[in-house]
Novice: 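Pasting in a structure now, in structure tokens, and then I'll have a few things to ask.
Per chain, numbering begins at 1; letters A, B, ... match sequence-line order.
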Amino acid sequence: MPELPEVETTLRGILPSIKQQTIAHVVVRDYRLRWPVPANIHLILRNATIDDLWRRGKYVLFKTASGTIIIHLGMSGRLRILTEPSKANKHDHIDIVFHNEKILRFTDPRRFGAFLWVEGDPHQHALLKHLGIEPLTKNFSGKYLLERARNKKMPVKTFIMDHKVVTGIGNIYAVEALFAASVYPMQPANSLSLTQWNNLAKVIKKILRSAIQRGGTTLKDFLNSDGKPGYFSNQLKVYGRANLPCVKCGSLLKSVKLGQRSTVYCAKCQK
DNA sequence: CAGAATACCTGCGGGC
DNA sequence: TGCCCGCAGGTATTCT
């Protein structure tokens, strides 16, 4: 479900309710996520204060005095704030109850998400250590991509979805960015020109910023922390539009599998 | 070593 | 109505 814009939207939504707030207790209903939720997490977090929270790639981090909570939403995860206790549904796996009576609820039907605890520098955790550059930073540029793509024969789409290169770009935004930049998804990464990379870096930033501004993309069930859908869905030009006309030239969009992921593109506009 | 396949899970929509 | 299949926003792990 969530790519960078959806995670960012989620973070912004929950931040005002829980930053600097102290945890009263934690309820774990199902420990079976991507990795087991630490068995003693309720003891660790009791009376801990969330000093700060931020995003790294698609991870959300909550810092406390003794360590950091690492959360990943996987494909179907969601975080939201409840202002009063409410009956837990089937996939509501974790509640963090704060002294201010707000409740942070982690829901994840597919359980591909993660809820972990790390002491020390969270950025040295195995999951975060090798993450590449943040796309919404100045150093993310055509030059950076050109350098990283040297000797990489893989398709450019696979390359920009590699989080060791750049974090946060998933299937939707990869496909949209390639269309916006008129780049053929199967083009070998090491064959793009600096001009192409500059253009791609530019449209990636533009699309991610636009999506964040609109509250992310809702395909069927993404809701942000306020329970609102994301309004970027109606900006999608190619994702989910296989066999429909290209918005630029009218020819029918094609669809192929690339690394098991559906890849929609315009054969005429993307060369 | 790179790159490709596999695995983890539930829910939904389409075809029969 | 119900069953089976394929598909879904991710990514660590295993394989070749």
Novice: Does a nitrogen or oxygen in the side chain of A:K90 sit under 4.0 Å from OP1 or OP2 of B:dT10?
Specialist: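 For B:dT10, neither OP1 nor OP2 has a side-chain N or O of A:K90 closer than 4.0 Å.
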Novice: What is the distance from NE2 of A:H93 to C1' of B:dC8, rounded to the nearest Å?
Specialist: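 Taking NE2 of A:H93 and C1' of B:dC8, I get 13 Å after rounding.
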Novice: For C:dG10, does OP1 or OP2 lie under 4.0 Å from any side-chain N or O of A:R261?
Specialist: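 Affirmative; the distance criterion is met.
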Novice: Give the rounded distance in Å between these two atoms: NZ of A:K164 and C1' of C:dA12.
Specialist: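 Result: 10 Å.
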Novice: So, OP1 or OP2 of B:dC9: does either fall under 4.0 Å of a side-chain N or O from A:H91?
Specialist: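 It does not, given that no N or O in the side chain of A:H91 lies less than 4.0 Å from OP1 or OP2 of B:dC9.
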Novice: Once you apply a heavy-atom cut-off of 4.0 Å, does A:Y239 come out as touching a base, just sugar-phosphate, or nothing?
Specialist: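 Touches sugar-phosphate only.
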Novice: Mind calculating the distance between NE2 (A:H130) and P (B:dA2) to the nearest angstrom?
Specialist: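 Checked: the NE2 to P distance equals 13 Å.
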Novice: Compute the centroid of each ring, for A:F159 and then for A:W197, and state whether the two points are separated by less than 6.0 Å.
Specialist: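 So the answer is yes for these two rings.
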Novice: Taking atom P in both B:dA5 and C:dC7, compute the distance separating them and give it to the nearest angstrom.
Specialist: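 Comparing P positions in B:dA5 and C:dC7 gives a spacing of 15 Å.
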Novice: Report the residue (A:N151 or A:Q260) whose heavy-atom-nearest nucleotide on DNA chain B is the more 5′ of the two.
Specialist: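 Counting from the 5' end, the first nearest nucleotide belongs to A:N151.
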Novice: Do A:H25 and A:D95 meet the criterion of a side-chain donor-acceptor pair at a distance under 3.5 Å?
Specialist: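 Per modelled atom types, A:H25 and A:D95 side chains form no pair under 3.5 Å.
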Novice: If I take atom OH in residue A:Y173 and atom C1' in nucleotide C:dG10, what distance separates them, rounded to the nearest angstrom?
Specialist: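 After rounding, the reported distance stands at 14 Å.
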Novice: Is A:D92 salt-bridged to A:R105, going by a charged N under 4.0 Å from an acidic O?
Specialist: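 Salt bridge flag = yes for A:R105 with A:D92.
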Novice: Base, sugar-phosphate alone, or nothing: which one does A:R34 contact when heavy atoms must sit under 4.0 Å apart?
Specialist: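 Result for A:R34 = base.
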Novice: Mind checking A:K257 for me? I need base, sugar-phosphate or nothing, with any heavy atom below 4.0 Å counting as a touch.
Specialist: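 Sugar-phosphate, no base atom in range.
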Novice: So, is A:H72 near the phosphate of C:dA12, with a side-chain N or O under 4.0 Å from OP1 or OP2?
Specialist: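 Negative; the distance criterion is not met.
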Novice: For A:R32 and B:dC8, what is the distance between atoms CZ and P respectively, to the nearest whole Å?
Specialist: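 The distance from CZ of A:R32 to P of B:dC8 comes to 14 Å, rounded to the nearest Å.
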Novice: Measure centre to centre between the rings of A:F179 and A:Y184, then say whether the value is under 6.0 Å.
Specialist: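 For A:F179 and A:Y184, the ring centres are not under 6.0 Å apart.
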Novice: Measure the distance between the ring centre of A:F112 and the centre of the six-membered base ring of B:dC9, then answer whether it is under 5.5 Å with planes under 30°.
Specialist: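 No; centroid distance or tilt outside limits.
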Novice: Which part of the nucleic acid does A:Y59 contact within heavy-atom distance under 4.0 Å: base, sugar-phosphate only, or nothing?
Specialist: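 Sugar-phosphate contact only.
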Novice: Find the runs of at least 3 consecutive base pairs, i with j, i+1 with j-1 and so on, that include DNA chain C, using Watson-Crick or G-U wobble geometry with both distances under 3.5 Å.
Specialist: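 If one scans DNA chain C for consecutive Watson-Crick or G-U pairs, the stems found are B:2-8 with C:10-16, B:10-16 with C:2-8.
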Novice: Is it true that A:R56 and A:E134 make a salt bridge, defined as a side-chain N closer than 4.0 Å to a carboxylate O?
Specialist: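 Looking at A:E134 together with A:R56, the answer is yes, because their closest N to O distance falls below 4.0 Å.
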Novice: Take A:H163 and A:R110, find for each the nucleotide of DNA chain C with the closest heavy atom, and name the residue whose nucleotide sits nearer the 5' end.
Specialist: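 Looking at the nearest nucleotide for each, A:R110 comes out on the 5' side.
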Novice: Taking the same atom, P, in C:dG6 and in B:dT6, what whole-Å distance lies between them?
Specialist: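 The answer is 14 Å between these two P atoms.
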Novice: A:S262 side chain N/O closer than 4.0 Å to the phosphate oxygens (OP1, OP2) of C:dA8?
Specialist: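 Yes, A:S262 has a side-chain N/O under 4.0 Å of OP1/OP2 on C:dA8.
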Novice: Rounded to whole Å, please give me the gap between CE in A:M154 and C1' in B:dA4.
Specialist: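 Rounded to the whole Å, the gap is 10 Å.
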Novice: Assign A:T158 to base, sugar-phosphate, or nothing according to its heavy-atom contacts below 4.0 angstrom with the strands shown.
Specialist: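 It contacts nothing in the nucleic acid.
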Novice: Enter the distance from A:S66:OG to A:E119:CD here, rounded to the nearest 0.5 Å.
Specialist: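 Answer rounded to 0.5 Å: 6.5 Å.
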Novice: Given the structure, check if the side chain of A:R111 and the base of B:dC9 hold any donor-acceptor pair shorter than 3.5 Å.
Specialist: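 No, the side chain and the base share no sub-3.5 Å donor-acceptor pair.
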Novice: In whole angstroms, how far is the P atom of C:dA12 from the CG atom of A:D162?
Specialist: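 Taking atom P of C:dA12 as the reference, CG of A:D162 is at 10 Å.
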Novice: So does A:E6 pair up with A:K58, basic N to acidic O under 4.0 Å?
Specialist: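 No, this pair does not count.
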Novice: Checking side chain to side chain contact (heavy atoms under 4.5 Å, CB included) against A:F140, which of A:V165, A:T167, A:V166 comes through?
Specialist: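 Exactly one option meets the side chain to side chain contact (heavy atoms under 4.5 Å, CB included) with A:F140, and it is A:V166.
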Novice: Using only heavy-atom distances, determine whether the side chains of A:R55 and A:Y59 contain a donor-acceptor pair under 3.5 Å.
Specialist: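 The answer is no; no qualifying pair exists.
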Novice: Side-chain N or O of A:K153 versus OP1/OP2 of B:dG3: is the shortest distance under 4.0 Å?
Specialist: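 It does not, given that no N or O in the side chain of A:K153 lies less than 4.0 Å from OP1 or OP2 of B:dG3.
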Novice: How many whole angstroms separate atom CG of A:L236 from atom C1' of C:dG9?
Specialist: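 Interatomic distance, CG of A:L236 to C1' of C:dG9: 11 Å.
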